[in-house]
J.: 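This is the structure, below, for whatever I ask next.
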Amino acid sequence: MSFSIGGVELQSRFFLGTASYPSPDVLRSAIDASGTQVVTVGLRRQLAGGGEAGDFYRHIQASGARLLPNTAGCTTAREAVTLARMAREMFDTHWIKLEVVGDEYTLQPDPWELVDAARELAGDGFEVFPYCTDDLVTCNRLLDAGCRILMPWGAPIGSGQGLLNPTALRTLRARLPGVPLVVDAGIGSPRDAVQAMELGYDAVLVNSAVALAHDPVTMARAFRLAIEAGRLAWEAGIMAKQEMAVATTPVTGRPFLL
């Protein structure tokens, strides 16, 4: 189950967001239950939280998970680049989840600003994890800009709608076979995570579906199991769908293929 992303070997394919939990203790328990090795955190939240933010960060550090700061809330490349550099200084990591939003209603990424920011940050030594749509052309532009990882959305952030365009996600996986792909945004239930993993994606990032569950800790464990099951199914090889019924019990010949 181990895989390499951003130059780091990981065992868990479950990336966990840290916003909107009922309490820091619930967050810490959810991280433990998830088995995640990567958690995301918004720098804007840390800057606005004062002492409370310091306590929050200590909870994250105590979990042992690797930190992936994000630039949530940015609407221009310049703003995102500035925030990313601040995150590198604050958290001592060159990993950055790059978000540059172009529409306040859908929170859809702005492809032009995103590519510009990715190019500058990659040139500055960052390992850029860009939050993008499932558009193949935009994804190729991000790779050309220096990204080695892509984080296409399944649906708008926080919507819980699941994978709205599995065909586009399947196309990305087929056309970019050597690129680590992480489904980010829109996942609403463990079923959606299974679907993403069965498409051959390397990991999923989930926040709202865990944080807003009636029992976030149990939901974190449910996602952990779902992600493991989906990946195992992908590795095992899922049978092809048939147009018609196919008898599973032969009535002639040998019962096994030798």
Side-chain angles (χ1 to χ4, degrees), residues 5-8 15 17-19 38-49 53 57 66-159 164-165 168-169 171-172 175-176 178-186 201-205 207-208:
I5 191 166
V8 176
F15 292 11
T18 58
V38 177
V39 296
T40 64
V41 59
L43 181 58
R44 283 183 179 276
R45 174 181 176 179
Q46 302 308 298
L47 293 175
Y57 184 39
R66 188 179 185 91
L67 199 65
L68 177 59
N70 66 59
T71 63
C74 292
T75 58
T76 67
R78 175 52 46 206
E79 189 179 14
V81 167
T82 299
L83 202 61
R85 288 171 174 158
M86 292 174 66
R88 181 166 59 182
E89 293 299 318
M90 287 182 63
F91 301 124
D92 190 28
T93 178
H94 68 292
W95 280 19
I96 191 72
K97 179 173 179 268
L98 180 61
E99 299 184 32
V100 187
V101 170
D103 181 75
E104 292 185 2
Y105 181 73
T106 63
L107 300 182
Q108 181 171 327
D110 182 322
W112 291 274
E113 295 292 314
L114 185 66
V115 170
D116 285 348
R119 182 178 294 108
E120 185 166 351
L121 290 172
D124 196 24
F126 282 87
E127 189 70 69
V128 181
F129 292 65
Y131 161 61
C132 54
T133 64
D134 51 24
D135 179 70
L136 177 61
V137 175
T138 300
C139 287
N140 275 315
R141 294 292 182 270
L142 287 166
L143 295 174
D144 292 342
C147 297
R148 301 192 299 170
I149 299 149
L150 297 172
M151 302 185 76
W153 69 355
I157 291 174
S159 69
L164 293 181
N165 194 346
L169 293 174
T171 298
L172 283 183
R175 293 294 302 275
L176 305 173
V179 178
L181 299 177
V182 182
V183 171
D184 175 20
Y201 276 66
D202 296 280
V204 298
L205 193 157
N207 190 164
S208 299

J.: To the nearest 0.5 Å, what is the distance between CG (D135) and CH2 (W153)?
T.: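 Interatomic distance, D135 CG to W153 CH2, rounded to 0.5 Å: 11.0 Å.
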
J.: Rounded at 0.5 Å granularity, tell me how far CG in L43 sits from CZ in R88.
T.: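 The distance works out to 13.0 Å.
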
J.: Above 12 or not: heavy atoms from other molecules or residues under 6.0 Å from CZ of R141?
T.: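 No.
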
J.: Roughly how far, to the nearest 0.5 Å, is the CG atom of L169 from the CG atom of L136?
T.: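 Rounded to the nearest 0.5 Å, the CG-CG separation comes to 11.5 Å.
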
J.: Which atoms form the tightest heavy-atom contact between G6 and I149, and what is the distance?
T.: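 So the minimum-distance heavy-atom pair works out to N-CD1, 3.7 Å.
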
J.: With rounding to the nearest 0.5 angstrom, report the CG to CG distance, N70 to L83.
T.: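 If we round to the nearest 0.5 Å, N70:CG and L83:CG are 8.5 Å apart.
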
J.: Can a donor-acceptor pair be found, under 3.5 Å and without considering hydrogens, that links the side chain of D134 to the backbone of L172?
T.: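 The answer is no, because no donor-acceptor pair under 3.5 Å joins these two groups.
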
J.: For E120 and F126: C-alpha separation, side-chain torsions, deciding distance, then whether side-chain contact (heavy atoms from CB on, under 4.5 Å) applies.
T.: CA-CA 9 Å; E120 185 166 351; F126 282 87; over 6 Å; no

J.: Taking the side chain as every heavy atom from C-beta outward, state whether P111 and T133 have any pair of such atoms under 4.5 Å apart.
T.: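 The answer is no; the side chains never approach within 4.5 Å.
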
J.: Is a side-chain donor or acceptor of E99 paired with a backbone partner of T71 at a separation under 3.5 angstrom?
T.: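 No.
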
J.: Using side-chain contact (heavy atoms from CB on, under 4.5 Å), reason through T75 and D110 one step at a time and then give a plain yes or no.
T.: CA-CA 8 Å; T75 58; D110 182 322; over 6 Å; no

J.: Between C132 and P109, which heavy-atom pair has the shortest distance, and what is it?
T.: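 C132 and P109 have their closest heavy atoms at CA-CG, 3.8 Å.
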
J.: Shortest non-hydrogen contact from Y131 to L114?
T.: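 The answer is O-CD2, 3.4 Å.
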
J.: Locate the shortest heavy-atom distance separating A77 from V100; write the atom from each residue and the value.
T.: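 Nearest pair, atom of A77 first, then V100: N-CG1, 4.2 Å.
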
J.: If I take atom CG from residue D124 and atom NE2 from residue H94, how far apart are they, to the nearest 0.5 angstrom?
T.: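 Going from the CG atom of D124 to the NE2 atom of H94 covers 11.5 Å.
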
J.: For R148 and V179, work out which heavy atoms get closest and say how close.
T.: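 Looks like O-CG1, 3.8 Å.
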
J.: If you define the side chain from C-beta out and look only at heavy atoms, does anything of D116 sit under 4.5 Å from R119?
T.: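 In contact.
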
J.: T40 side chain to L68 main-chain N or O, any donor-acceptor pair under 3.5 Å?
T.: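 No, because the side chain of T40 does not come within donor-acceptor range (under 3.5 Å) of the backbone of L68.
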
J.: Looking only at heavy atoms, what is the nearest atom pair of I5 and W95, with distance?
T.: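 So the minimum-distance heavy-atom pair works out to O-CZ2, 3.5 Å.
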
J.: Any non-hydrogen side-chain atom of C147 less than 4.5 Å from a side-chain atom of V128?
T.: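 Yes, close enough: below the 4.5 Å cut-off.
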
J.: What is the ring orientation for F129 with F15, classed by angle as parallel under 30°, tilted 30 to 60°, or perpendicular over 60°?
T.: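 Answer is tilted, since the angle falls between 30° and 60°.
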
J.: Report the C-alpha distance between L143 and L176 in whole Å, list the side-chain angles of each, state the deciding distance to 0.1 Å, and finish with yes or no for side-chain contact (heavy atoms from CB on, under 4.5 Å).
T.: CA-CA 10 Å; L143 295 174; L176 305 173; 3.8 Å; yes

J.: Under the side-chain contact (heavy atoms from CB on, under 4.5 Å) rule, what do V182 and Y201 come out as? Steps first, then yes or no, please.
T.: CA-CA 6 Å; V182 182; Y201 276 66; over 6 Å; no

